[in-house]
Amino acid sequence: MAAKNRLAVNKTYKLYLGGKFPRTESGRYYEVKGRKGALLANASRASRKDFRNGVVAARKAWPGWDGSSAYLRGQILYRIAEMLEGRTEQFEEELRIQGSTPSTAKKEVAKAVDLLVHYAGWSDKYQSLFSSVNPVSTPHFNFSVPEPTGVVAVAAPEKSSLLGLCSAIAPILAGGNTSIVLASHSKPLCAITLAEVLNSSDVPAGVVNMLTGFRDELLPHFAEHMDVNALLLCSDMEEEAKMVGKRAAENLKRVVSHPDSALEEDPYHILDFQEVKTTWHPVGV
Amino acid sequence: MSEAQDKGAAGSKTKSASSGKKKSRHDFVDGDRYAPAPESSEHVVVKDSYDLFIGGDWIRAPKRTETRNPATGEVLSEVGEAGPGMVKKAVAAARKAYEETWSTMPGRERGKYLYRLARLIQERAREFAVLETMDGGKPIRESRDVDLPLVAAHFFYYAGWADKLDYAFPGRTAHSIGVIGQVIPWNFPLLMAAWKLAPALACGNTVVLKPAETTPLTALKLAELIEEAGFPPGVVNVVTGGGKTGRHLVRHPDVDKVAFTGSTEVGKMIQRDLAGTGRRYTLELGGKAANIIFDDATVNQAVEGIVNGIFFNQGHVCCAGSRLFVQEGIADTVVRKLKRRMDNLVLGDPLDKNTDVGAINSQEQLDRIKVLVDSGSEEGAKCWQSGQKLPRKGFWFKPTIFTECAQSHQIVQKEIFGPVLAIQTFRTPEEAVEKANNTPYGLSGGVWTDKGSKIFKITSQIRAGVLWANTFNKFDPASPFGGYKESGVGREGGLQGLAPYLDLR
Amino acid sequence: MSADPPIFPDLRMLSTIDQVGVEERAQRFQARSIKSESKLSALKLAVTMLDVTTLEGKDSPGKVKQLCAKAKRPLPEDPSIGPAAAICVYPRLVRVAKEAVGRSGVKVASVATGFPSGQSRLKERLSEIRYAVGAGADEIDMVISRGKLLHGEFRSIFDEIVRCKEACGGAHLKVILETGELQTYDTVRIASEIAMAAGADFIKTSTGKIQPAATLPVTLVMLEAIQDYYDRTGRMVGMKPAGGISDAKTAIHYLVMLKETLGKEWLTSRWFRFGASSLTNDLLMQIRKQQTGRYQSADYFTKD
């Protein structure tokens with residue numbers, strides 16, 4: 001890939017934790033290979049402790065993100081789309097070297113941008129859709145509103161490494177949650193590049209934390225961590241779902257399962273990571 | 001002169017009221033309690049023995065257990081204990097009814113069955129209320145004025161949804177799920193049956209319901225009413241038994257969805273059992289609600305809210321306001337008023353219309369309360385109990401408060417599920433919210449302040465599913481109920497309560 | 001009586017009243033079921049708490065004398081019933097009433113201060129009090145200036161009550177808030193606080209000329225005010241719901257509420273009165289019913 005007379009500067013793929021790009025604390029890595037077995041990069045092989053650090057960052061970031069206005073969250077999501085669009089070529093290239101055809105890569109990036117724009121618009125609308133004023137029989141004003149569940153761990157789709165990743169994160173972000181995401185194991189490059197996009201899109205530090213590594217090593221910890229409120233599992237493996245479900249029960253994590261593919265554009269995916277709060281107040285003088 | 005006259009009047013009154021005998025305990029002024037005012041239980045028919053309600057038939061289970069009145073210890077009846085075979089049979093009956101009648105019936109017709117059932121419940125509300133009180137120990141005033149009206153209202157509410165489901169969730173069409181397994185607790189036996197059955201049936205599902213071991217009678221009587229209402233056989237099946245029966249039901253592979261109300265411990269077991277099966281669940285579990293009183297609160301009503309929050313149904317309420325946070329400046333006033341109010345609570349015969357605090361549901365529960373209360377004193381909190389005398393027979397516990405509690409005390413951390421309140425003080429709103437949220441639970445909370453903007457701020461900061469501002473322990477079928485964190489998954493009641501019983505496509 | 005001059009209350013210290021909460025609580029008292037012996041003793045107690053009242057334009061000495069007879073001995077054949085606490089009349093009839101009650105122990109109460117509107121000059125209101133006390137009134141039922149209260153002139157209301165109290169001399173002062181005109185429980189609470197601080201011996205809901213008159217919730221608000229005042233100062237203040245209490249069942253609800261808020265110490269005619277005219281006979285009928293087990297007819301009870 002070296003150009004004439006000039007040695008190319010290769011990119012180091014690190015983790016994204018609390019708004020910074022550290023190497024894994026474990027010092028481990030794994031090889032990411034291209035179509036013909038060529039080495040593309042050494043991806044960080046995140047450890048349990050990296051994940052723990054991600055949860056700490058996400059928990060810390062959550063009150064601010066939850067407390068920011070829905071309008072602002074929409075603007076930031078739109079900003080991500082803008083930045084992603086601006087780096088279209090880089091993402092297409094990464095998808096191609098990881099196995100996509102040029103036309104599918106092009107389509108995937110475009111779809112990812114459009115999906116982010118779609119959810120940018122939802123950030124201040126789903127509340128109206130899923131709220132209610134409830135006609136109780138006593139002299140009380142009673143209303144129900146969705147509130148973000150909190151810190152969400154995400155096992156992103158394995159196959160759809162950019163669109164799948166964006167489709168998993170966007171509804172979680174739009175809904176005011178923070179997240180720790182395990183990117184596609186076999187195709188992790190877009191994830192770290194996306195993290196760079198996020199980092200330059202006014203997404204506050206810690207709102208999204210990106211890990212690359214081994215699912216079977218990390219997923220049990222995703223499921224077990226007591227400070228994770230919900231878990232999105234994109235997987236076609238029943239055994240994985242079983243393992244996650246059993247371990248998640250210890251703090252009654254909300255477990256949302258989705259096949260190993262990009263999530264549809266759908267406000268009900270936002271609702272998956274919301275809790276309904278109902279408030280009562282007397283009506284009188 | 002006026003005092004002399006007053007004494008004279010009082011003297012003559014006492015004389016005539018007690019007709020020469022010693023001062024009576026029922027004298028309005030001098031007595032220590034009101035004369036008994038028992039609700040009649042004559043019209044309540046309790047059979048010696050109840051069978052399982054499966055596929056529209058009453059089927060005898062070989063194993064049987066007794067159910068007792070916790071206020072007297074007397075045996076009320078005997079019910080079947082469903083083993084795996086019976087549970088299987090019930091699920092099969094529900095599947096058959098689902099496929100052959102209920103899921104294909106127009107929503108409008110399903111709704112009419114539910115309306116009819118609601119009416120029948122209203123007609124026989126008193127009988128159900130008395131039975132609920134006899135089997136569970138809760139005061140008749142509550143079963144009559146709270147439980148039963150809500151039971152009927154719940155069926156009415158969801159009856160109306162049955163033909164409108166496609167309007168409930170924009171962009172989606174609503175489809176039923178299949179066979180629902182429902183396991184309910186002993187604190188609101190009939191009300192929880194209504195909470196579970198009404199939305200499930202309205203959405204076109206069929207049900208196998210397992211009532212709690214100690215309070216099966218009203219659910220069985222409800223089954224009789226369902227039979228009387230002419231529901232197709234198998235749409236509702238009732239299997240009685242203990243935890244084992246519940247487990248058989250939860251684990252049955254042909255149960256498409258499990259709805260459970262009970263302890264967080266069992267809730268976690270259910271989540272584990274269902275992991276990776278694709279079968280759905282909703283869980284309504286424990287709680288340790290914070291009831292926060294700010295110094296600008298409407299104090300007298302707040303005290304009433306505290307009482308209602310923790311002594312309603314003897315504190316056997318998952319959303320009970322069991323942790324009280326009072327702002328330092330009014331803490332003494334609130335505690336003084338609270339004690340005075342507690343001394344006025346009438347404790348005793350649950351069937352007496354004046355009873356405010358009834359019997360503890362079981363020996364087991366009483367033991368659990370005692371252990372935790374002992375720990376409170378041992379760990380350094382200051383215990384105060386109201387002055388009522390406890391009846392000799394049955395299971396009872398005095399209304400109890402602890403002051404000088406620390407966040408680390410077990411009575412602050414653990415769900416006691418009894419008439420026991422842990423009181424802490426706070427200085428700033430931030431401190432109140434921080435302590436209120438410092439729990440694995442998140443079912444409910446209370447906020448008392450006269451300042452509107454503070455209400456919105458604090459209620460939005462408390463991580464719980466139901467927030468009562470300037471009120472407490474209010475329920476309505478139109479109002480969603482359910483917890484954050486370890487208090488559960490999903491909502492019951494209102495529009496949101498439909499979602500767990502629908503496949504939204 | 002303490003010699004300290006009355007001090008205007010710190011109204012900022014008052015907590016607000018939640019309407020729904022108060023009404024809910026009041027309803028709970030109505031759910032009490034008072035039976036047999038408790039009921040009979042409550043009914044008898046209620047009779048001794050009656051301020052048998054006539055406040056009509058057509059009142060005459062004859063009418064007042066008849067009522068006094070009833071107050072002294074409500075149930076002629078049973079001397080253990082009663083006597084009523086007081087007879088309540090206009091100032092002009094105080095003398096007649098005083099003579100008619102004689103040494104029976106029944107007090108004579110007089111409305112004064114431009115009853116029922118209170119819309120006369122303070123000077124005239126004070127002289128009306130002095131006139132009634134001079135005629136032998138044991139108790140004065142004054143009205144406050146509701147217009148001023150709603151206008152926020154709390155200090156002025158306070159000063160007027162202080163002056164009225166002075167004019168009463170040894171007579172007990174009941175301060176009528178006319179809660180039906182005050183509209184909100186918060187205003188009732190403020191008025192109660194001012195009246196008590198100004199020296200009221202009793203606070204009273206209504207004149208009976210305005211609807212709504214006494215209700216359970218408004219009485220509860222006032223009982224709570226009395227309790228808080230007592231907790232703060234140690235001085236007991238009496239309570240008199242008036243108007244609209246016409247049957248025994250309702251009267252018992254009030255007594256239950258009294259018992260469960262202020263407690264036993266207040267359960268005497270010294271600290272609690274019913275301002276009523278038609279309540280008497282229903283109490284008597286219910287007493288007879290309790291004693292005989294038979295439902296009664298109005299034909300067997302004297303109408304005065």
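Here is the naming used below: chain letters follow the sequence lines, and residue numbers restart at 1 for every chain.
- Using a 4.5 Å cut-off between heavy atoms, Arg189(C) contacts chain B through its side chain alone, with no backbone atom that close.
- In summary, the side chains of Asn291(B) and Trp448(B) do present a donor paired with an acceptor at a separation below 3.5 Å, with no hydrogens or angles considered.
- For the set Lys35(C), Glu260(C), Glu24(C), the entry with the most heavy-atom pairs within less than 4.5 Å of chain B is Glu260(C).
- Note: Trp468(B) and Phe481(B) have tilted aromatic rings, judged against thresholds of 30 and 60 degrees for the angle between ring planes.
- Annotation for Gln291(C): atom CD counts as buried by contact number, over 12 foreign heavy atoms lying within 6.0 Å.
- Residue contact with chain C, scored on non-hydrogen atoms closer than 4.5 Å, involves the side chain of Arg340(B) exclusively.
- Of the atoms belonging to Ala302(B), not a single heavy atom falls under 4.5 Å from chain C.
- Phe294(B) carries Lys454(B) over the face of its six-membered ring, with the cationic atom under 6.0 Å from the centre and within 45° of the normal.
- Between Tyr230(C) and Trp266(C), the distance from one ring center to the other falls under 6.0 angstrom.
- In this structure, no portion of Val20(C) lies under 4.5 Å from any heavy atom of chain B.
- Side chain to side chain, Thr16(C) and Asp186(C) fail the donor-acceptor criterion of an N or O pair below 3.5 Å.
- Neither the backbone nor the side chain of Asp78(C) has a heavy atom closer than 4.5 Å to any heavy atom of chain B.
- For Leu220(C), no part lies under 4.5 angstrom from a heavy atom of chain B.
- A donor-acceptor pair is defined here as one N or O able to donate and one able to accept, closer than 3.5 Å; such a pair exists between the side chain of Ser444(B) and the backbone of Cys319(B).
- In this structure, the portion of Arg25(C) lying under 4.5 Å from any heavy atom of chain B is its side chain and not its backbone.
- Highest contact tally toward chain B, considering only Ser38(C), Pro79(C), Gly21(C), Ser15(C), is held by Ser38(C) [criterion: heavy-atom pairs under 4.5 Å].
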